[in-house]
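Contents: one structure, followed by commentary.
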Amino acid sequence: SRAPLGCGEIGDSNFKSSSSTYTYLLADTNTKEAVIIDPVLETVDRDLKLIKELGLNLTVAVNTHCHADHITSTGLMKQRVAGLKSAISKFSGATADIHLTEGDNIPFGRHSLTVKETPGHTDGCITLVTGDQTMAFTGDALLIRGCGRTDFQQGCAEKLYHSVHEKIFTLPDECLIYPAHDYLGQTVSTVGEERKFNPRLTKSMEEFVELMNNLNLPKPKKIDISVPANLVCGLHHV
């Protein structure tokens with residue numbers, strides 16, 4: 001489902017059904033420089049095929065956090081794409097070429113993504129915002145009508161509430177929200193919609209913390225494999 005995303009960019013997002021994961025590809029249509037967000041090990045061939053077909057120069061592969069439900073393809077991509085650099089939050093504890101902090105920029109051609117630290121689901125969660133603030137890639141911090149769980153990997157409901165309200169809900173209403181997952185296959189929302197209709201994050205902080213601390217969700221099926229692998233750029237046992 002490739003479509004122009006504006007500002008001279010090429011955008012692509014694909015749904016990985018087993019983990020309900022989205023991978024995003026952004027590129028400058030003039031320079032052909034590109035970045036990929038949250039690539040998945042099982043779909044590395046698909047992603048690299050598309051990048052080749054579009055004639056893109058992939059410069060950075062960035063993860064929004066250390067995922068618990070799938071293994072990143074970042075390390076494998078680096079072996080197959082000359083000059084590719086990996087990036088993740090410095091607070092993730094994971095190996096990468098670039099350790100990101102608040103306000104850092106990831107350039108691709110005339111465009112860039114700005115890093116906002118949005119911990120709460122994990123300590124190393126970041127949201128990536130385009131320079132014109134028309135798009136935000138929120139990882140697991142903010143989902144469509146939901147949010148990431150806070151009961152493992154340094155999760156903290158209070159931190160997450162502040163992250164979303166202070167770093168994401170302060171973006172323009174029309175800013176498009178692209179999450180790392182959606183278990184119903186929904187693809188995009190807006191800041192304005194989520195600020196008004198998100199059933200969790202429209203609550204008071206006290207109500208939110210109470211809700212998040214009592215979800216009683218099952219342990220992610222792949223956490224024991226995914227987290228150790230993602231701490232070493234997805235190359236554990238690859």
Side-chain angles (χ1 to χ4, degrees), residues 19-22 37-38 62-72 74 87-96 98-104 113-129 136-171 175 177-183 189 191 193-234:
S19 59
S20 303
T21 303
Y22 288 110
I37 302 171
D38 290 333
V62 58
N63 282 288
T64 54
H65 62 292
C66 186
H67 300 277
D69 57 356
H70 69 272
I71 297 175
T72 180
T74 304
I88 198 168
S89 166
K90 70 173 288 187
F91 300 110
S92 67
T95 301
I98 304 168
H99 283 113
L100 301 165
T101 58
E102 180 76 21
D104 284 350
L113 295 169
T114 299
V115 174
K116 288 181 175 286
E117 293 173 354
T118 48
H121 173 61
T122 74
D123 278 349
C125 285
I126 57 172
T127 290
L128 300 165
V129 184
F137 301 88
T138 56
D140 282 14
L142 179 63
L143 306 178
I144 297 174
R145 304 298 193 269
C147 63
R149 60 195 290 182
T150 58
D151 58 340
F152 64 90
Q153 279 186 283
Q154 320 96 39
C156 174
E158 187 171 336
K159 272 187 185 179
L160 182 58
Y161 189 89
H162 284 296
S163 290
V164 173
H165 280 268
E166 295 170 11
K167 300 290 184 69
I168 301 175
F169 282 176
T170 51
L171 293 167
C175 178
I177 296 295
Y178 292 100
H181 302 279
D182 190 277
Y183 302 99
S189 184
V191 168
E193 278 188 47
E194 295 306 316
R195 194 189 294 119
K196 289 180 182 177
F197 304 124
N198 190 295
R200 294 182 178 179
L201 288 151
T202 49
K203 297 180 181 296
S204 69
M205 187 177 72
E206 291 75 17
E207 292 171 325
F208 178 77
V209 170
E210 177 70 15
L211 171 68
M212 297 303 292
N213 288 344
N214 291 282
L215 290 178
N216 298 315
L217 296 171
K219 179 181 175 181
K221 293 179 182 178
K222 295 185 178 181
I223 188 171
D224 293 331
I225 300 171
S226 297
V227 171
N230 290 330
L231 287 172
V232 289
C233 216

**Prompt:** Is there side-chain contact between Val191 and Ile177, with heavy atoms separated by less than 4.5 Å?
**Reply:** yes
**Asked** Under 4.5 Å between any side-chain heavy atoms of Leu142 and Asn198, yes or no?
**Response** yes
**Within-4.5 Å side-chain heavy-atom neighbours: Tyr178 and Ile37** = no
**Item:** Heavy-atom side-chain contact between Thr21 and His67 under 4.5 Å
**Value:** no
**Asked** Just by distance, do the side chain of His121 and the backbone of Thr150 share a donor-acceptor pair under 3.5 Å?
**Response** no
**Message:** Applying side chain to side chain contact (heavy atoms under 4.5 Å, CB included) to Leu113 and Val129, what does each step give before you reach the verdict?
**Reply:** CA-CA 5 Å; Leu113 295 169; Val129 184; over 6 Å; no
**Request:** Check whether any side-chain heavy atom of Leu128 sits under 4.5 Å from a side-chain heavy atom of Val115, and report yes or no.
**Result:** yes
**Message:** With rounding to the nearest 0.5 angstrom, report the NZ to OG1 distance, Lys116 to Thr170.
**Reply:** 5.5 Å
**Prompt:** Can you name the closest pair of heavy atoms from Val164 and Ala141 and give their distance?
**Reply:** CG2-O, 3.8 Å
**Message:** Using side chain to side chain contact (heavy atoms under 4.5 Å, CB included), reason through Ser189 and Phe197 one step at a time and then give a plain yes or no.
**Reply:** CA-CA 11 Å; Ser189 184; Phe197 304 124; over 6 Å; no
**Message:** I'd like to know if the side chain of Gln153 reaches the main chain of Val227, judged simply by a donor and an acceptor atom lying under 3.5 Å from each other, with no hydrogens or angles considered.
**Reply:** no
**Request:** Specify the closest pair of heavy atoms between Gly139 and Thr64, including all atoms of both residues, with the distance to one decimal.
**Result:** CA-OG1, 3.4 Å
**Message:** Taking the side chain as everything from C-beta on, heavy atoms only, tell me whether Asp38 gets closer than 4.5 Å to Tyr22.
**Reply:** no
**Request:** To the nearest 0.5 Å, tell me how far Glu194 CD sits from Cys147 SG.
**Result:** 10.0 Å
**Complete:** dist Glu166:CD -> Tyr161:OH (nearest 0.5 Å) comes out at 10.0 Å
**Fill in**
For Ile88 and Ser92, the nearest pair of non-hydrogen atoms, with its separation, is CG2-OG, 3.4 Å
**Message:** Between Thr127 and Lys167, does the side chain to side chain contact (heavy atoms under 4.5 Å, CB included) criterion hold? Intermediate values first, please.
**Reply:** CA-CA 8 Å; Thr127 290; Lys167 300 290 184 69; over 6 Å; no
**Complete:** Note: Gly93 and Leu231 closest approach over all heavy atoms is O-CD2, 3.6 Å
**Request:** State, with a plain yes or no, whether a side-chain heavy atom of Asn63 is found less than 4.5 Å away from one of Thr74.
**Result:** yes
**Asked** Among His99, Glu117, His65, which one satisfies side chain to side chain contact (heavy atoms under 4.5 Å, CB included) with Phe91?
**Response** Glu117
**Request:** Enter the distance from Leu211:CG to Arg200:CZ here, rounded to the nearest 0.5 Å.
**Result:** 5.5 Å
**Request:** On the 0 to 90° scale, with breaks at 30° and 60°, tag the His181-Tyr183 ring pair as parallel, tilted or perpendicular.
**Result:** parallel
**Message:** How long is the straight-line distance from CG of Asp104 back to OG1 of Thr114, given to the nearest 0.5 Å?
**Reply:** 9.0 Å
**Prompt:** Could you give the distance from NZ (Lys90) to CG (Asp123), rounded to the nearest 0.5 Å?
**Reply:** 12.5 Å
**Item:** Heavy-atom closest contact (Phe152 atom, Ala68 atom, distance)
**Value:** CE1-CB, 3.6 Å
**Item:** Closest non-hydrogen atom pair between Asp140 and Ala180, with its separation
**Value:** OD1-CB, 3.4 Å
**Prompt:** How far apart are the C-alpha atoms of Asp151 and Leu215, what are their side-chain angles, what is the distance that settles it, and do they pass the side chain to side chain contact (heavy atoms under 4.5 Å, CB included) test?
**Reply:** CA-CA 9 Å; Asp151 58 340; Leu215 290 178; 6.0 Å; no
**Side chain to side chain, Gln154 and Lys159, heavy atoms closer than 4.5 Å** = no
